[in-house]
Protein chains: 4
Amino acid sequence: MIIVLKPTASPEQIEHICDSLTALGLRPEISRGVKRTLIGVIGDEDVIRNAPLRAMPGVEDVVPILKPYKLAGRELQAEDSVIDVGFGVKVGGGSLGMIAGPCAIEGEEILFDIARSVKAAGANILRGGAFKPRSSPYTFQGLGEEGLKILRKVGDELEMPVVTEVMDPRQVELVERYTDIIQIGARNMQNFNLLSEVGRTRRPVLLKRGMSATISDLLMSAEYVMAAGNRRVILCERGIKSFDPSTRNLLDLAMVPNVKQECHLPVIVDPSHATGRPELIPAMSLASIAAGADGVHIEVHSIPEKALSDGQQALLPEQYAEVMSQMKRLAAQLGRTVPEAHGQRA
Amino acid sequence: MIIVLKPTASPEQIEHICDSLTALGLRPEISRGVKRTLIGVIGDEDVIRNAPLRAMPGVEDVVPILKPYKLAGRELQAEDSVIDVGFGVKVGGGSLGMIAGPCAIEGEEILFDIARSVKAAGANILRGGAFKPRSSPYTFQGLGEEGLKILRKVGDELEMPVVTEVMDPRQVELVERYTDIIQIGARNMQNFNLLSEVGRTRRPVLLKRGMSATISDLLMSAEYVMAAGNRRVILCERGIKSFDPSTRNLLDLAMVPNVKQECHLPVIVDPSHATGRPELIPAMSLASIAAGADGVHIEVHSIPEKALSDGQQALLPEQYAEVMSQMKRLAAQLGRTVPEAHGQRA
Amino acid sequence: MIIVLKPTASPEQIEHICDSLTALGLRPEISRGVKRTLIGVIGDEDVIRNAPLRAMPGVEDVVPILKPYKLAGRELQAEDSVIDVGFGVKVGGGSLGMIAGPCAIEGEEILFDIARSVKAAGANILRGGAFKPRSSPYTFQGLGEEGLKILRKVGDELEMPVVTEVMDPRQVELVERYTDIIQIGARNMQNFNLLSEVGRTRRPVLLKRGMSATISDLLMSAEYVMAAGNRRVILCERGIKSFDPSTRNLLDLAMVPNVKQECHLPVIVDPSHATGRPELIPAMSLASIAAGADGVHIEVHSIPEKALSDGQQALLPEQYAEVMSQMKRLAAQLGRTVPEAHGQRA
Amino acid sequence: MIIVLKPTASPEQIEHICDSLTALGLRPEISRGVKRTLIGVIGDEDVIRNAPLRAMPGVEDVVPILKPYKLAGRELQAEDSVIDVGFGVKVGGGSLGMIAGPCAIEGEEILFDIARSVKAAGANILRGGAFKPRSSPYTFQGLGEEGLKILRKVGDELEMPVVTEVMDPRQVELVERYTDIIQIGARNMQNFNLLSEVGRTRRPVLLKRGMSATISDLLMSAEYVMAAGNRRVILCERGIKSFDPSTRNLLDLAMVPNVKQECHLPVIVDPSHATGRPELIPAMSLASIAAGADGVHIEVHSIPEKALSDGQQALLPEQYAEVMSQMKRLAAQLGRTVPEAHGQRA
């Protein structure tokens with residue numbers, strides 16, 4: 001941490017700052033430049049971070065030097081995390097998690113239909129929402145526990161791990177019982193109580209990036225889950241807010257290598273929510289693999305125009321099969337594999 | 001709702017779309033332009049909104065015409081809502097809610113100190129956090145129920161309504177017991193389960209705008225609270241994300257008249273979180289009043305450099321008194337009043 | 001400038017960095033922290049800024065300490081600049097420049113009409129575009145020199161200073177001949193050749209903030225004009241890009257006190273371009289005055305529906321008169337004045 | 001174009017709107033919905049677009065239906081444009097333009113060095129700036145004509161087409177004389193006079209997307225060049241503004257398939273300016289190819305720490321060679337080719 005002093009900082013102010021730092025067990029080092037005086041602060045970064053140094057008289061700016069996350073960072077764990085999600089599927093370290101399925105679980109028959117088709121195409125994780133975060137209180141909110149039961153049944157029968165979203169700390173236990181991977185949606189990325197709650201489960205967590213979250217914000221949210229005891233977090237890029245209305249959100253694909261510089265957790269890309277436009281999904285799926293993603297998340301529906309949620313952004317099963325086959329070819333060329341799901345729940 | 005067809009839409013596709021609309025009880029009206037054919041959709045807008053029309057073959061774009069909120073909108077209630085928060089304080093309709101206090105409740109003595117000073121200056125609502133949404137799991141998270149008790153005690157003794165944040169549906173009952181206004185923080189603006197939960201309480205709700213929420217998103221979140229039964233929502237602008245790092249967030253002050261065009265709920269502005277810089281707060285507080293805000297929310301701490309949260313953005317009590325006196329003068333000129341808090345809890 | 005080294009930086013790399021700094025005439029100061037080593041760089045900040053220190057092996061980050069602008073900054077000139085624009089009108093130091101007029105100059109008669117009405121309401125600077133930066137090549141591009149002649153004639157006859165935009169370095173001499181203030185539009189804020197060219201004229205410059213410009217970018221563009229010899233720059237906030245489509249741009253009103261912390265130049269706010277919605281302009285005009293702006297820029301047209309450019313955001317003359325009267329009352333309360341334009345060109 | 005009327009629109013207002021439309025040679029079609037009346041406007045979209053319909057009393061909103069660009073759009077030309085830039089290199093239609101070189105031309109010897117290395121690696125277009133748009137007036141501004149001469153000499157000798165930026169309409173003739181492709185930088189994307197000027201040359205134009213430009217803005221700027229007579233425009237994505245400071249800009253890779261839906265022009269991606277971080281460039285270069293880009297633009301410098309501009313984001317020649325070899329392998333798998341530059345100027 002570096003404290004930049006105002007040009008007008010008085011000797012008394014500087015002394016007060018140094019005394020306060022010393023009282024916190026930190027060691028101040030003063031550098032006097034031609035125009036500005038700086039104080040380098042040496043000691044435990046967590047103590048430093050929590051001290052409101054910027055509020056001290058004479059301080060112009062405080063420049064942090066170290067990253068605020070630990071468990072998620074590469075300094076503690078250099079090698080990539082590989083996360084076993086059950087049914088023989090691992091995500092990370094060259095093994096790709098290919099998530100596909102409808103936005104919402106709408107019924108057993110339709111989910112079996114869609115699941116069979118995506119599994120045949122090569123998907124190895126089935127998605128489907130039972131609790132839906134809808135921006136209007138007047139739209140379909142999901143089937144709840146009934147949906148979870150359907151999802152579990154389809155997953156078990158087709159031998160695929162399943163992922164579904166939890167929105168409420170009171171539902172974590174229920175959702176954990178049925179799912180293989182617990183999803184935290186973008187709107188809940190900074191719902192810290194929910195993060196801590198899923199951090200106390202033993203299921204891997206798919207943590208979606210908030211629409212206005214920086215990379216650092218995302219890693220801090222992963223840190224919440226990990227600090228509560230659950231180290232198995234998979235990050236997911238699904239687009240951030242921007243000024244161009246031609247796509248639903250803005251896919252930040254550079255986030256993939258950017259996160260991987262700092263963090264050992266796997267990263268999956270969701271071009272469905274990021275673009276909201278089916279015709280852009282194939283190109284962005286390939287680009288995700290090329291950028292180094294550990295998986296791709298795509299919404300698929302067999303009758304999009306009858307979907308109860310987000311039908312307009314779903315691929316048809318045959319479109320998904322085509323993209324999957326291109327992704328597998330690309331992955332193979334780049335030395336990565338798509339494990340086939342089979343066997344049983346972890 | 002208007003459906004814009006692709007130039008390549010076939011007669012069969014157009015027929016399929018019209019049949020689907022009719023099956024939903026809607027009436028399609030076809031307009032054939034020189035280059036493009038449009039279908040106007042007449043009928044219940046909620047039915048229309050939930051139909052995934054964009055997923056139908058031949059559709060290029062779907063343009064909504066009506067707003068998705070009702071209870072929050074002016075069409076159902078033209079006149080401004082005035083919300084009684086207790087202790088003789090009303091917010092809206094020319095009566096200003098002036099919220100002040102520390103970021104976090106840190107102890108009884110310090111809260112009494114700060115509360116006395118802000119009340120003397122003219123503040124009529126006391127704020128203080130007992131549950132703090134901190135981006136790091138390693139920082140001070142608030143005093144919890146102990147904090148709530150202190151807040152209630154100070155509010156009662158000084159005869160001021162109090163506002164505090166709730167972050168978890170499981171804490172709503174607890175928080176409701178102690179507070180006069182329940183705050184939903186920016187990070188939880190789309191935590192729909194929490195919104196519904198506070199919608200079932202009988203306390204007014206201070207709903208802060210999310211950092212990437214459009215005006216429409218904010219009004220939809222208010223709609224969630226109102227649809228659950230609680231019509232007493234106060235909106236709060238506290239800055240949105242932008243590309244300029246020189247302020248913590250970007251204060252969208254045009255949001256005040258913009259919201260008021262559409263919506264009858266009161267709007268309060270929080271320049272403390274919006275700018276994160278004490279030296280900008282006085283100018284933006286005056287600007288908020290001039291823009292038509294129904295109140296201003298300012299963080300105040302008597303010893304900012306010892307604050308356990310966000311000390312760097314707090315005003316000192318004497319700075320707050322100075323800004324308050326300017327705001328009262330301005331409000332008076334514009335025909336608005338700052339009621340004095342006194343008496344007892346609603 | 002502070003250089004943060006990578007945890008893996010070798011002694012050889014550190015030595016190489018220090019040698020390079022010394023060769024540039026700078027003095028390195030090494031601080032070894034628990035986890036990270038820093039090098040403080042002492043010497044001429046301009047030399048430092050131009051050295052690509054970040055490209056050196058072993059460097060993780062480079063943190064600048066001093067601001068890159070000088071002439072625009074308060075360190076060289078502490079007191080506010082007051083800019084005389086002719087016809088007895090000064091902008092800055094408590095004297096407000098109230099700019100009004102149509103988007104484009106469309107003809108002599110209509111400009112006289114509009115100008116008379118805004119002058120009667122209290123405007124003291126007349127605006128009108130002769131060269132229009134239109135995003136489509138197929139729309140009205142302005143009357144060119146004919147428009148400039150009309151503008152000059154109306155300004156002289158009604159005794160008002162005029163402001164008009166220049167888009168091309170080749171037109172600077174022509175525009176300078178006719179106008180009292182030269183406007184640089186938002187799209188040209190980083191057209192550095194144009195900035196240097198207007199920096200060589202002797203007319204005040206109204207520099208509009210670019211739609212994606214930080215405060216620092218804006219001040220650097222002012223610096224370009226000033227470095228070329230013309231110190232008379234008036235800054236103008238006209239909204240930046242954001243994700244909410246409900247207004248044309250996002251008015252960053254906190255920019256006013258923010259700029260004034262750093263910079264002595266006057267700041268004018270343009271709520272017309274910022275919001276693009278006439279019904280929001282009155283509230284934001286008052287808020288601008290309350291925020292400390294040195295003037296307000298409003299588009300006015302007597303027949304908006306026949307305007308050749310941006311008619312949809314213009315106020316009617318009677319609406320302008322109403323807003324102006326409120327702004328004058330507010331300014332008076334805040335101790336600021338709106339000088340009346342009269343007399344002759346500077 | 002669809003006009004949405006206010007709920008309060010009077011029959012007289014509706015009549016006035018319809019009369020005005022008819023006077024413009026347009027045909028209004030009224031649809032009366034349950035809650036809202038709409039007027040569909042049929043006729044020449046350009047006439048419609050220029051009419052300030054939104055300013056008419058009774059109008060709530062105006063919804064455009066057709067795109068405002070023509071020459072750049074697929075409706076006029078369905079097949080992809082392939083642009084011959086000389087020396088046997090074509091860009092578009094499966095043929096990739098691989099641009100590499102230093103940010104600024106610094107001298108003959110160093111440019112030869114860098115150019116030889118990138119050509120050996122497979123680059124087929126050499127870049128280098130002679131006129132540099134620097135945000136500070138106090139930094140290196142480029143060698144000007146001397147730089148252009150060096151660039152031409154190196155291009156001719158090594159048989160590579162060259163690209164360099166022009167910033168001023170007065171320099172277009174000079175730059176055209178020396179270069180094979182004329183670059184318009186991001187900051188000048190809406191410098192409409194400059195666009196028209198390069199539209200009158202006979203050299204292909206590399207048009208970089210502005211930092212706050214939507215896809216539609218970019219295509220309108222291409223339209224300016226094309227409307228002036230020069231149909232050979234290559235678009236370039238180089239990152240847009242966002243809120244995350246961890247990269248210099250935000251690379252919008254979905255822009256590639258998005259533009260290609262609408263527009264027949266080739267699209268090149270520049271991960272150097274987009275990310276500003278050399279360690280992210282390899283992943284984003286591969287992702288660009290996978291996303292369907294018609295080329296990749298990378299800054300390369302043999303001694304980044306001595307570069308006079310942007311050294312911190314340049315790759316070393318050996319790093320470039322490694323990325324190039326991966327990109328060629330990927331391109332081959334996807335059925336695209338990287339033509340070798342040889343022969344002479346077009």
Side-chain angles (χ1 to χ4, degrees), chain A residues 67 209-219 237 239-262 267 269 271 274-293 296 326-327 329-335, chain D residues 67 209-219 237 239-262 267 269 271 274-293 296 326-327 329-335:
Chain A
K67 308 291 184 186
R209 180 182 183 184
M211 280 164 281
S212 60
T214 61
I215 303 297
S216 176
D217 291 337
L218 174 63
L219 298 187
E237 163 68 25
I240 56 176
K241 283 273 177 173
S242 188
F243 54 80
D244 192 330
S246 69
T247 48
R248 185 172 171 171
N249 292 286
L250 185 77
L251 179 61
D252 175 13
L253 211 48
M255 170 272 202
V256 176
N258 194 351
V259 164
K260 285 182 172 293
Q261 292 280 323
E262 310 280 336
V267 183
V269 176
T275 68
R277 288 174 50 192
E279 68 273 28
L280 307 185
I281 292 175
M284 298 325 291
S285 298
L286 291 177
S288 301
I289 301 290
V296 177
Q326 293 173 17
M327 286 196 287
R329 211 159 43 232
L330 180 56
Q333 197 210 9
L334 298 171
Chain D
K67 309 291 185 185
R209 180 181 182 185
M211 279 163 283
S212 60
T214 61
I215 303 297
S216 176
D217 291 338
L218 174 62
L219 297 188
E237 163 68 26
I240 56 176
K241 283 274 175 171
S242 189
F243 54 78
D244 192 328
S246 70
T247 49
R248 183 171 172 173
N249 293 286
L250 185 76
L251 181 61
D252 174 13
L253 211 48
M255 170 272 203
V256 176
N258 194 349
V259 164
K260 284 181 174 294
Q261 292 280 323
E262 310 280 337
V267 184
V269 176
T275 67
R277 288 175 50 191
E279 67 274 26
L280 307 184
I281 292 175
M284 298 325 291
S285 298
L286 291 177
S288 300
I289 300 290
V296 177
Q326 293 173 16
M327 285 196 287
R329 209 156 47 231
L330 179 57
Q333 197 210 8
L334 299 171

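Labels below follow one simple rule: chain letters A, B, ... track the order of the sequence lines, proteins then strands, and each chain is numbered from 1.
To the nearest 0.5 Å, the span separating CG on L253(D) from CG on L253(A) amounts to 6.0 Å. The line from CG of L286(D) to CZ of R329(D) is 9.0 Å long, rounded to the nearest 0.5 Å.
For the residue pair S246(D) and N258(A), a side-chain donor N or O sits within less than 3.5 Å of a side-chain acceptor on the partner.
Among S242(A), A290(A), G239(A), the residue making the largest number of heavy-atom pairs under 4.5 Å with chain D is A290(A). Of the listed residues (K260(D), E279(D), K241(D)), the greatest number of heavy-atom pairs within a distance under 4.5 Å of chain A belongs to E279(D).
Looking at A213(A), the atoms closer than 4.5 Å to chain D (heavy atoms on both sides) all sit in the backbone: N, CA, C or O. Only the side chain of L250(A) comes within contact range of chain D, judged by heavy atoms closer than 4.5 Å. Contacts between I215(D) and chain A at a heavy-atom distance below 4.5 Å involve backbone atoms as well as side-chain atoms. Contact annotation for I289(A): neither backbone nor side-chain heavy atoms come within less than 4.5 Å of a heavy atom of chain D.
A donor-acceptor pair under 3.5 Å is absent between the side-chain atoms of E237(A) and the main chain of V267(A), judged by distance alone.
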Candidate pair R209(D) and D217(D), rule side-chain contact (heavy atoms from CB on, under 4.5 Å), full reasoning: CA-CA 9 Å; R209(D) 180 181 182 185; D217(D) 291 338; over 6 Å; no
